[in-house]
Protein chains: 2
Amino acid sequence: MTDARDTSVTPSDPPLLRGAGLTAWRQIADALADEIGSGALSAGSQLPTEAALAARFGVNRHTVRRALAALAERGLVRATQGRGTFVERGQIPYPIGRRTRFSENISRAGREARGELIAAAEIPADPETAEALGVAPGTPVVEMLTVHRADGTPISTARIALPLPRFSGFAAAYARLGSITRAFKDFGVEDYTRLSTRIGARGATPEEAARLDLAPGRPLLAVASVNVDPEGRRIEATRTLFAADRLELVVE
Amino acid sequence: MTDARDTSVTPSDPPLLRGAGLTAWRQIADALADEIGSGALSAGSQLPTEAALAARFGVNRHTVRRALAALAERGLVRATQGRGTFVERGQIPYPIGRRTRFSENISRAGREARGELIAAAEIPADPETAEALGVAPGTPVVEMLTVHRADGTPISTARIALPLPRFSGFAAAYARLGSITRAFKDFGVEDYTRLSTRIGARGATPEEAARLDLAPGRPLLAVASVNVDPEGRRIEATRTLFAADRLELVVE
DNA sequence: GAGCATTTGTGCGTATGTATC
DNA sequence: TGATACATACGCACAAATGCT
């Protein structure tokens, strides 16, 4: 098939080049990506249903799904069963510095922030955590696994360790208050500052991807940080994984 | 072939479980990854040749190559034609803050730093660069494409823009001096500081991967920063891509 | 510079086990 | 039960890059 170009095209409908080297789903994905990039489909907006897109491009719904899967893989859209497919919002600026506080950061960006406790345990510190907290390996610590959301969208997941016995029962306080800052106040820590911050990047494992509602392999910003109380004592070692598709760190 | 297990195995040779669900190349990759992780194969050291590994594990060289490809994909090893396959060094700590300087950072980590100019042009600023430099879009700028290495290993690649006409001829100075800091001195800028730093993460495109000698899709830390001179004038907008496998950002 | 050994990179053909239709 | 497709694994040969003399 050399050329079967259509001369009678409806205004906004792009004609698909069938039988060429380009697969149909790729052309559809590119067309939608263009519309997202140009702002024709604005951030946060809902895409037409798969059926509607199938009709518009004159293909089977499976083909549209293939295209949408490719866009989801690139982090441009996100599909939720029963709700629809949505254009991902632009990246939230997330300031990091001496006084980083998650809830403040997110609400500054005009979104609702929530921290959810997934699991907690009092266990002996692994070598890495022990070094970060400045205690002997095997010293008991509270370890918490959390997920943070902005407007319902998972933004980050963190593994937080605090030394025992000082912070015995911290997990319950965090689960109740939904904020590290407020839970610290409950334990008499009125203020705390960032001692060190290390930033790496890697692809999401399947489990991490599931927790963050991402495609596996999508880029994560891995931030390891240590917080100290006003007396300089190390009170918190955190390893946070941020979905790089949804957020950008801003050094301040 | 149900079972052809060898009863006479040389001491340190792990027998591969053939015919089970585990593929041979995956077992070999796991075994080598363990040895790297445990330090039995130290960072920077050369692995046995593919032929030697094939003999050791009792498989074809192709099977070993498959295993090594998997390790290279994970960033654990790196192969160079004619030289051999080497265990990747651990991640270099790279401090970022108000006074970030590449050469200082790397040499502080005990490595030899080098900046190489790949390309340069005087072109109108794209909207993003214009905003970063605080000039009107289309204003002419010097744009340079660079690659930085530590001990010969590519660490980062950057796209650096400086406003014209103030920095006309900057690229030649940089190519000659191999350092932004020294080239700035040549233009009468004795000092400069970081105005803003934004950090994201994504997978390497094939071109970026080629420039950094990485597998495509490997994680990159994308750092966009703006530098100002002592009078507060914006003099440099940089978008740097760091190979996250080789480096870790440290906020200071 | 030429020449050589070493080592990784690549191509092709073949066989086998395991799904899927 | 075939037919087909795919990933795995093997064997051989040669190309290309590196390091050394």
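Numbers restart at 1 for each chain; the letters A, B, ... are given by sequence-line order, proteins then strands.
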For [X] and [N], what is the distance between atoms [atom1] and [atom2] respectively, to the nearest whole Å?
| X | N | atom1 | atom2 | answer |
| --- | --- | --- | --- | --- |
| B:Arg66 | D:dC10 | CZ | C1' | 14 Å |
| B:Leu53 | C:dT7 | CG | C1' | 12 Å |
| B:Leu71 | C:dT8 | CG | C1' | 15 Å |
| B:Arg26 | D:dA9 | CZ | C1' | 15 Å |
| B:Phe57 | D:dC10 | CZ | P | 13 Å |
| B:Ile28 | D:dC10 | CD1 | P | 8 Å |
| B:Leu68 | C:dT10 | CG | C1' | 16 Å |

Is there a donor-acceptor pair under 3.5 Å between the side chain of B:Glu143 and the backbone N or O of B:Ala125? no

Counting N and O atoms only, with roles assigned by atom type, does the side chain of B:Thr197 sit under 3.5 Å from a partner on the main chain of B:Ser225, one being a donor and the other an acceptor? no

If only side-chain N and O atoms of [X] are considered, is one of them under 4.0 Å from the OP1 or OP2 phosphate oxygen of [N]?
| X | N | answer |
| --- | --- | --- |
| B:Arg65 | C:dG9 | yes |
| B:Thr85 | C:dT7 | no |
| B:Thr63 | D:dT8 | no |

Sorted by chain and residue number, the ring-ring contact (aromatic ring centres under 6.0 Å, His included) partners of B:Phe86 (sequence neighbours excluded) come out as none

Any B:Asp186 side-chain heavy atom under 4.5 Å of B:Leu177 side chain: yes

Quick tally for nucleotides 11-21 of chain D: nucleotides whose base has a protein heavy atom under 4.0 Å get B, sugar-phosphate-only ones S, the rest -, giving BBB--BBBS--

Contacts of type salt bridge (Lys or Arg N to Asp or Glu O under 4.0 Å), residue A:Glu131, not counting sequence neighbours: none

Value rounded to 0.5 Å, distance of CG in B:Leu133 from CD1 in B:Ile235: 10.0 Å

